[in-house]
Structure formats: C-alpha cells, structure tokens
Asker: 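What follows is a structure written as structure tokens; I'll ask about it next.
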Amino acid sequence: MSTNRTQHPTGTGAHPQHDADGYSQELARIGHHQHEATTPDSPSPQASSQEDPAPVLDGAAVLAAAERFPWALAAPQARHWPDGEFLDVALSAVRPEERKGYTERLVAFVEQHQARLEELLRGYGPGSTPASHGRYALIGQPETLVILERMESVPFLLHGLWETAYEEVFLRDLEFAWGSRTRLSR
C-alpha cells in the first residue's frame with residue numbers, strides 16, 4: 001500500500017512564489033557547504049564566511065540614488081520627516097547576498113516603476129486629499145523608494161522588521177496606496 005506523502009505547506013513559506021528565491025538561495029548555500037565539507041583542501045565554511053563578509057550598505061549613497069528621481073519625491077520642504085528617518089529598517093531588509101549592487105538594483109526598480117511612482121505621489125503624496133487627513137505620510141520620502149522595493153522583493157521580512165520598530169499604520173498605508181501584490185495587513 002502506498003502512502004501519499006505530499007505535504008501542503010502552511011505559514012510564512014506557504015507561498016512558493018514569495019519564497020522561491022530565498023529557498024533556491026538556501027539550497028545553493030547548503031549544496032555549497034556540503035561541497036566544501038567533502039573537499040579536503042578547502043577552508044572550513046566558517047573561515048569562508050569570515051573572509052567574505054557581506055558589504056555594508058551606505059545609507060547616504062542609497063538616499064543620494066533615491067534623490068536622483070525628483071518625479072518620485074515630494075519637494076524637501078513638503079516632506080514629513082528628515083530624509084532617512086525610516087531608512088535603517090528598510091535597509092535592514094536587504095539580505096546580505098543582495099547588498100552588493102543594491103543601489104543599482106534600487107535605481108532599476110525606480111526606473112521600471114516610474115509611471116506607478118508618479119501616480120503614487122500625485123494620488124497620495126503631500127498636498128493630495130488623502131494626505132490632508134494625516135495619512136500616507138511616507139509617500140514622497142526618499143527612503144520610501146527603498147521601502148517599496150523591499151515590499152516587492154521581501155514583503156514578509158520587511159513587515160517583520162517594521163513592526164518591531166514603527167507603527168504598522170505607516171506601512172499599511174503605503175502598502176494600500178502602492179497596491180502591493182502581497183497584502184500583509186490584516
């Protein structure tokens with residue numbers, strides 16, 4: 001008698017379209033470590049990871065890259081917070097393997113979504129009717145471009161980091177206005 005061993009995933013990893021990239025990277029990492037363990041002349045996995053630490057993201061460079069897109073940002077005098085207020089949490093959602101070349105990735109994301117970002121700023125940015133009610137305060141901030149890129153790339157990671165640092169209403173408002181393909185709000 002055969003038994004059906006097909007499992008139906010549940011929880012955070014239940015949606016392979018969201019976690020496929022992370023899953024593939026984890027499989028590659030495991031395979032790489034298994035290969036290292038069987039190669040007699042190779043250094044230990046611990047030594048390899050110490051030799052190649054993940055590059056540190058320069059927040060100032062990321063903000064400077066974001067500032068190159070004035071059509072996606074509110075005028076500095078119309079912004080709600082000093083530039084960079086939410087940047088630490090957004091950048092902490094950039095995984096170590098994504099850090100090298102992240103600024104270029106952000107630029108590509110912004111260029112790819114230019115029309116959508118312009119619409120977001122017009123519809124929800126400073127001076128708009130929704131913003132006049134005190135909502136959507138993140139829209140127009142330079143770090144919002146990083147938040148949106150992370151929202152598209154690693155929504156669950158971003159949400160988990162965000163809820164430990166800030167009120168969720170900021171992220172939920174941004175998620176609603178952006179029309180994220182993965183809704184994290186309840």
Side-chain angles (χ1 to χ4, degrees), residues 18-26 28-29 32-33 43 45-121 124-126 136-175 177-178 180-182 184:
H18 302 302
D19 292 357
D21 185 47
Y23 182 73
S24 298
Q25 290 172 358
E26 184 65 16
R29 186 187 66 75
H32 177 72
H33 286 303
Q46 291 82 11
S48 295
S49 64
Q50 290 174 356
E51 292 172 13
D52 297 326
V56 176
L57 281 172
D58 180 6
V62 172
L63 279 178
E67 289 285 355
R68 295 192 317 222
F69 302 100
W71 44 261
L73 305 173
Q77 65 275 15
R79 296 178 188 163
H80 294 280
W81 291 284
D83 292 347
E85 180 75 20
F86 297 92
L87 189 62
D88 288 344
V89 171
L91 289 179
S92 70
V94 177
R95 298 176 293 204
E97 64 271 14
E98 297 175 310
R99 290 181 186 161
K100 184 177 179 184
Y102 180 74
T103 301
E104 293 79 14
R105 178 184 179 134
L106 178 65
V107 167
F109 172 83
V110 173
E111 289 172 345
Q112 178 185 358
H113 295 283
Q114 179 174 351
R116 194 171 170 194
L117 287 163
E118 289 173 337
E119 182 181 329
L120 178 71
L121 185 60
Y124 295 93
Y136 309 102
L138 284 174
I139 296 170
Q141 297 284 132
E143 62 270 24
T144 298
L145 301 178
V146 177
I147 295 167
L148 291 170
E149 188 279 327
R150 296 286 78 198
M151 189 182 292
E152 290 288 313
S153 300
V154 288
F156 296 104
L157 176 59
L158 176 64
H159 190 267
L161 294 168
W162 189 277
E163 67 186 6
T164 64
Y166 298 111
E167 293 180 47
E168 286 186 70
V169 69
F170 295 128
L171 193 60
R172 282 191 305 235
D173 284 351
L174 184 58
E175 175 189 68
W178 180 246
S180 177
R181 50 171 208 221
T182 303
L184 298 175

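This chain uses plain numbering: 1 for the first residue, then up along the sequence.
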Asker: Are any non-hydrogen side-chain atoms of Ser153 and Leu158 less than 4.5 angstrom apart?
Answerer: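 No - every pair of side-chain heavy atoms lies 4.5 Å or more apart.
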Asker: Mind listing the closest non-hydrogen atom pair of Ala72 and Leu145 along with its distance?
Answerer: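 Residues Ala72 and Leu145, closest heavy atoms: CB-CD2, 4.0 Å.
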Asker: Sorted by first residue and then second, give each salt bridge (charged side-chain N to carboxylate O under 4.0 Å, His left out) pair with at least one member in residues 68-78; sequence neighbours left out.
Answerer: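 For residues 68-78, and leaving out neighbouring residues, there are no salt bridge (charged side-chain N to carboxylate O under 4.0 Å, His left out) pairs at all.
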Asker: With a 4.5 Å limit on heavy-atom distance, are the side chains of Glu67 and Leu73 in contact?
Answerer: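 In short, these two side chains touch, coming nearer than 4.5 Å.
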Asker: Give me the ring orientation class for Trp162 and Tyr166: parallel if the planes are under 30° apart, tilted from 30 to 60°, perpendicular past 60°.
Answerer: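 Tilted: the ring planes of Trp162 and Tyr166 meet at 30° to 60°.
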Asker: Can you see which heavy atom on Gly140 is nearest to which on Leu121, and at what distance?
Answerer: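 Minimum heavy-atom separation between Gly140 and Leu121: CA-CD1, 3.8 Å.
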Asker: Taking the side chain as every heavy atom from C-beta outward, state whether Glu143 and Leu63 have any pair of such atoms under 4.5 Å apart.
Answerer: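 In contact.
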Asker: Mind listing the closest non-hydrogen atom pair of Arg95 and Arg150 along with its distance?
Answerer: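 Between these two residues, the closest heavy atoms are N-NH1, 4.1 Å.
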Asker: Do Leu148 and Glu152 come close enough that some side-chain heavy atom pair is under 4.5 Å?
Answerer: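 No. Closest side-chain heavy atoms not under 4.5 Å.
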Asker: Testing the 3.5 Å rule here: is there a donor-acceptor pair between the side chains of His159 and Glu168?
Answerer: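 The answer is yes; a qualifying pair exists.
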Asker: Taking the six-membered ring for Trp and the single ring otherwise, decide whether the centroids of Phe170 and Tyr136 are under 6.0 Å apart.
Answerer: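 No, the ring centres sit 6.0 Å or more apart.
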Asker: Does the side chain of Leu117 reach to within under 4.5 Å of the side chain of Trp178, using non-hydrogen atoms?
Answerer: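 Result yes, sub-4.5 Å side-chain heavy-atom pair found.
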Asker: Heavy-atom distance under 4.5 Å between the side chains of Thr144 and Phe86, does that happen here?
Answerer: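 Heavy-atom side-chain distance check fails, nothing below 4.5 Å.
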Asker: Quick one: closest heavy-atom pair of Pro55 and Pro96, and the distance?
Answerer: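 Heavy-atom minimum between the residues: CD-O, 4.4 Å.
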Asker: Within a strict 4.5 Å, meaning less than it, do heavy atoms of the Asp173 and Leu138 side chains meet?
Answerer: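 SC-SC contact between Asp173 and Leu138 ruled out.
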Asker: Side chains of Tyr124 and Leu174: does their closest heavy-atom pair fall under 4.5 Å?
Answerer: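 Tyr124 vs Leu174: side chains apart.
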